[in-house]
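Just below is one structure, and these are the notes that go with it.
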Amino acid sequence: MKFFIGNWKMFGILSSKKIIEKINKFKTKDRSNNYKIIITPPYTLIESFAKKFKNSNVAIGAQNCFFKEKFSSNTGAISPFMIKKSGASYVIVGHSDNRAEGDNDEKLKLKLNFCLKLNLRVIFCIGENKKEKQKKITFKVLGKQLRNVLSKKFDPNKIIVAYEPVWSIGTGLVPKNKDLSKTINFIKSSLRKLYNYKCPPVLYGGSVDEKNINQLKNLKEIDGFLIGGASKSSKKFIDIIKNYYR
Ligand code: PEP
């Protein structure tokens, strides 16, 4: 089973549901391939979209959550409990945008813990930045990001790991297949060690589009894609899936 996840970032208003309607229509017709579609709109749209697409072929998730479970006096914060009550079933945790805004391993661990406790599935993002890549310490960085946040007691069936090199997000740059294959295999072997040979799906994210998917699809070890910019267009998002299975 492959995953195609659309991260809308800070885009989308109520009328953007048209994008998901088109994607759902496509997925409903396309029964020949085994894949799952998840869209993460901004918080403001979760409740209405989760209701609208409840029995559809598109699942709804959140892009982040606060590191406390339920209610607190933190202005502007949204908790895992609120997200669950809004009807979402997935939460992205550890996106590099949020790491840059202060999400450290300690906070990320709390976020994962509360999401999983509430039966929300977590899309956990990891990735090295440009400097770390140049210093050739990618595996060291990824190993630490995995070890410091993923606890043995977490259920690996509820976790999806997304490898998103920071230098690749929104830049049009994508790792070479040879390097990407090594990195995905490194992440998978680290996860197998942690979870006693069970391995959560490992996705790739960073500038995926309807063209470079034709190269990326050759790496069968990739369990799917986290798609930012291109997920704001139903056509591009659908073309990514079509080209993947072509
Ligand atoms: C992202 O922000 O998660 C992402 C993958 O963005 P983009 O596809 O635009 O690089």
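All ligand and atom numbering here is 1-based and tracks the order in the structure.
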- Closest protein heavy atom (residue, atom, distance) for atom 2 (O) of ligand 1: K9 NZ, 2.6 Å
- Task: Look at the rings of F186 and F139 and say which category their plane angle falls in: under 30° parallel, 30 to 60° tilted, over 60° perpendicular.
- Result: parallel
- Closest protein heavy atom to atom 5 (C) of ligand 1, given as residue, atom name and distance to 0.1 Å: E164 OE2, 3.0 Å
- Query: What atoms of ligand 1 come within less than 4.0 Å of a heavy atom belonging to N7?
  - Reply: 1 (C), 2 (O), 3 (O)
- Message: Suppose we measure from atom 1 (C) of ligand 1 to each protein heavy atom; which comes out shortest, and what is that distance?
- Response: H95 NE2, 3.2 Å
- Task: Number the atoms of ligand 1 from 1 as they appear, then name those within less than 4.0 Å of a heavy atom of S207, with their elements.
- Result: 7 (P), 8 (O), 10 (O)
- Task: Quick one: closest heavy-atom pair of Q63 and P42, and the distance?
- Result: NE2-N, 3.5 Å
- Message: If you take the centroid of each ring, where Trp contributes its six-membered ring, are Y35 and Y244 closer together than 6.0 Å?
- Response: no
- Determine, using the 4.5 Å side-chain heavy-atom cutoff (strictly less than), whether I19 and I46 are members of one ILVMFWY cluster. yes
- Query: If you look at every heavy atom in E210 and N214, which pair is closest and at what distance?
  - Reply: O-ND2, 3.6 Å
- Query: So which protein heavy atom does atom 9 (O) of ligand 1 come closest to, and at what separation?
  - Reply: G229 N, 2.8 Å
- Item | atom 8 (O) of ligand 1 - nearest protein heavy atom and its distance | G228 N, 2.9 Å
- Task: Run the numbers for me: atoms of ligand 1, each under 4.0 Å from some heavy atom of L226, listed by number.
- Result: 5 (C)
- F49 to P41 - nearest heavy-atom pair and separation: CD2-CG, 3.9 Å
- Item | S168 and Y204: side chain donor to acceptor below 3.5 Å | yes
- Just jot down the ligand 1 atoms closer than 4.0 angstrom to any heavy atom of G206, in number order. 5 (C), 10 (O)
- So for I169 against ligand 1, with non-hydrogen atoms under 4.0 Å, the contacting part is both
